[in-house]
Number of protein chains: 2
Amino acid sequence: MRQGKKKATIYDLSVLSGCSASTVSAVLNGSWRKRRIKESTAQLIQGLAERHQYTANLQARGLRSSRSGLVGLLLPVHDNRYFSSMAQTFEAEVRSHGKCPIVVSACRDPEEERATVETLISYSIDELFIAGATDPDSIHTLCEAAGIRHINIDLPGTRAPSVISDNYEGARMLTSAIIEHFHSAEALKPKELFLFGGRNDHASRERIRGFRDTKIEMLGADADDCIQPTGYSPNMTQKAFEAFYEREGKLPRGLFINSSINFEGLLRFMGQHPHETFADIVVGCYDYDPFASFLPFPVLMIRQNTEGMLAKAFELMAETRPAPQIYLIQPELIMPRMALTGPLDDIKDIDG
Amino acid sequence: MRQGKKKATIYDLSVLSGCSASTVSAVLNGSWRKRRIKESTAQLIQGLAERHQYTANLQARGLRSSRSGLVGLLLPVHDNRYFSSMAQTFEAEVRSHGKCPIVVSACRDPEEERATVETLISYSIDELFIAGATDPDSIHTLCEAAGIRHINIDLPGTRAPSVISDNYEGARMLTSAIIEHFHSAEALKPKELFLFGGRNDHASRERIRGFRDTKIEMLGADADDCIQPTGYSPNMTQKAFEAFYEREGKLPRGLFINSSINFEGLLRFMGQHPHETFADIVVGCYDYDPFASFLPFPVLMIRQNTEGMLAKAFELMAETRPAPQIYLIQPELIMPRMALTGPLDDIKDIDG
DNA sequence: TTGAAAGCGCTAACAG
DNA sequence: CTGTTAGCGCTTTCAA
């Protein structure tokens, strides 16, 4: 087959086989058994299809049947371990159902999210998984108007089923682990344990709540200025650390960092200051990263169970009419110096 | 507009406006100026479209015009900083051209790659960027048969333009930086500098070549067993380190790690052994990760210029008939304790 | 067991 | 300046 030659259509095969286009169509989309087409004609046509490298035009099929075979995943960003591992798991799962995964990111920008979802709808995607949307409910509205099944992940909406991490419990685990880490050394005082990062979204609010409750229970107090919400921005987080350092002449001994993105802000701060500045700190990070786990100070981390969340989400998607309620998935506390496996391990072991 | 109501079509607007469907179509797809349609009719129709929340059915448009507006990026994996940052940059660039980015991964599996690309072709994607394909040339064949413009990234093909990192130069920079890092301390001997990771792909071969050449130039020798190709597998890499350690009772003082994926294998090894095992090692990693940069031993890294590579790739894609040659992009040596910015920085600074 | 015919929603000549 | 017409490639009744 030389370059640019037009792709074979069912009509080409119809002529070649002497059957009608509808017969060819039925054979090639798998519905031929129930259309009671003779085994021999089916085989004839399948042979021709193979020989002529026929592949269905999925746009045409989608247009006609108003189902595209596309399944979408909306992410805040690609460039992040948590979300990219979600993408990885999502792809495998969707492929295993014989559909085509579409992963897109929208930068935590409500307007971008709307536009992106509208585009996906225009391509007639069949289902949408909405991860980390800033405004799940307005996306819900879009999807519902278009009759598209959808599930929220990571950030809850009120109008569609939502599968999210138990951020409150996770924050409690992390906070108490930080505090306990000091038990052998000089015990931590309330003014020595700070939270950096996050903003006014559901996840951050829950984590802050868990942090405060646990801190008050274990240390007896928590001052408002121990919470430094900096958004999901490395830069802002760095600035917050610089400001703190300038004011206090040192860092707090106990640090609760809201996400790996904020942790990068701490790294930027570290790049500007000598080792000694971090000699006795203990960091808890609400996100897991294997490299962070081996930094030269203790780093406790929360690993969110992305696979569990997606599994639950797919399960709900398969239900006829899932309730618009919130399903909590437990995250996991990871002690320092742990290099864990990810969704790619099975694949990559083929190598070598 | 209540749930499930059918989406408005150009025919609906045609009736409402009193114009023909083709006029409506022209107005709504932007070609109305050159069809010399009256400003006032255009406005009328645009108003109606807005009011009725019209959005074009992109499958229908694509079917008719045989261009879908979809632009694909084929990746080995999502779950990796290097590739996910490529995805991030790619998305922004494609969106800025008013097209729809489709990012897919194929796990470095030639069969999966073929199947994935065939699916994309079935959806009539307009252009394909092929990053890290194990067999770019066979994908080239598919694309060419379908008349789809395509560019290789990261791993070169022989039949389409290829934009890749200068792996040889990068490896030379990294190797000599590792060696020089010992100048003040006891100088490194040839048997103390090993390369771990990679396999028989173009990038690994080039890096190994750069490593050997530089090592021989600077240290006078390089034994074959100083190269330990383990594939792109954390597990295999860990095993290679365990085997080495069992044999030698320690790690080499100088380590060239082929990629962050292999570095994770070293982390897994580290998790099983005490701090002291790594007291005097220097690691060079052919990939940049901010957390790795602050580990408790010196880590030199190569940051590949994904933005530069993509920029060049888009430039080539825009050319009428780009030559099927290889374009090398220089990577950058990153010294220890550096937390650099990524493609998301501009976005995220909105936060806070 | 198969074929004919209609049409999914849109675009693109061509004709006026 | 605008309407008519003919499909893009496929699915899906309905009839034979």
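Lettering follows sequence order; numbering is per chain, from 1.
- Nearest-nucleotide positions on DNA chain C for B:T55 and A:T41 put A:T41 closer to the 5' end.
- Rounded to an integer number of Å, the gap from CG of B:L58 to C1' of C:dC10 is 10 Å.
- Along DNA chain C, the nucleotide closest to B:S31 and the one closest to B:L63 are compared, and the more 5′ of them pairs with B:L63.
- Listed pair A:N29 / D:dT11 meets the phosphate criterion, a side-chain N or O lying under 4.0 Å from OP1 or OP2.
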Taking only nitrogen or oxygen atoms into account, show me every contact under 3.5 Å that the protein makes with nucleotides 3-5 of chain C, one pair per line with its distance.
| from | atom 1 | to | atom 2 | distance (Å) |
| --- | --- | --- | --- | --- |
| C:dG3 | OP2 | A:S20 | N | 2.7 |
| C:dG3 | OP2 | A:S20 | OG | 3.1 |
| C:dG3 | OP2 | A:T23 | OG1 | 2.8 |
| C:dG3 | N7 | A:S22 | OG | 3.4 |
| C:dG3 | O6 | A:R35 | NH2 | 2.5 |
| C:dA4 | N6 | A:S22 | OG | 3.2 |

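- Residue A:I121 contributes atom CD1, which lies 16 Å from atom P of C:dG9 at whole-angstrom precision.
- Counting to the nearest Å, the P atom of C:dT11 and the CG atom of B:N57 are 10 Å from each other.
- Defined by atom type and a distance below 3.5 Å, a donor-acceptor pair is missing between the side-chain atoms of A:E118 and B:T55.
- The separation between A:R36 atom CZ and C:dT1 atom P is 6 Å, rounded to whole Å.
- Here the nucleotide nearest the side chain of B:A60, chosen from C:dG9, C:dT2, C:dC8, is C:dG9.
- The distance from atom CZ of A:R61 to atom P of D:dC8 is 18 Å, rounded to the nearest whole Å.
- The CD-P distance, from A:E39 to C:dT2, rounds to 11 Å in whole Å.
- In this structure, A:E50 places its CD atom where only 12 or fewer heavy-atom neighbours from other residues, nucleotides or ligands lie under 6.0 Å away.
- Under 3.5 Å, the side chain of B:R64 and the base of C:dG9 form no donor-acceptor pair of N or O atoms.
- Residue A:A26 is classed as having no contact, given no heavy-atom separation below 4.0 Å to the nucleic acid.
- Side-chain nitrogen and oxygen atoms of B:Y54 include at least one within less than 4.0 Å of the OP1 or OP2 phosphate oxygen of C:dC10.
- In this pair, A:H78 and B:H78 present their aromatic rings parallel. The plane angle is below 30°, not in the 30 to 60° band.
- The residue among A:S65 and A:Q59 whose nearest nucleotide of DNA chain D lies closer to the 5′ end is A:Q59.
- Nearest to the side-chain atoms of B:Y11 among the listed nucleotides C:dT2, C:dC10, D:dT11 stands C:dC10.
- Between B:K99 and B:E127 there is no salt bridge, since none of the side-chain N atoms of the basic residue sits less than 4.0 Å from a carboxylate O of the acidic one.
- In this structure, the side chains of B:S84 and B:D79 stay at 4.5 Å or more apart for every pair of heavy atoms.
- A 4.5 Å side-chain heavy-atom check between A:Y232 and A:D201 finds at least one atom pair inside the cut-off.
- The CG-P distance, from B:L44 to D:dT2, rounds to 10 Å in whole Å.
- Counting to the nearest Å, the C1' atom of D:dC8 and the CD1 atom of A:I10 are 12 Å from each other.
- Between the side chain of B:S122 and the backbone N or O of A:N57 there is no donor-acceptor pair closer than 3.5 Å.
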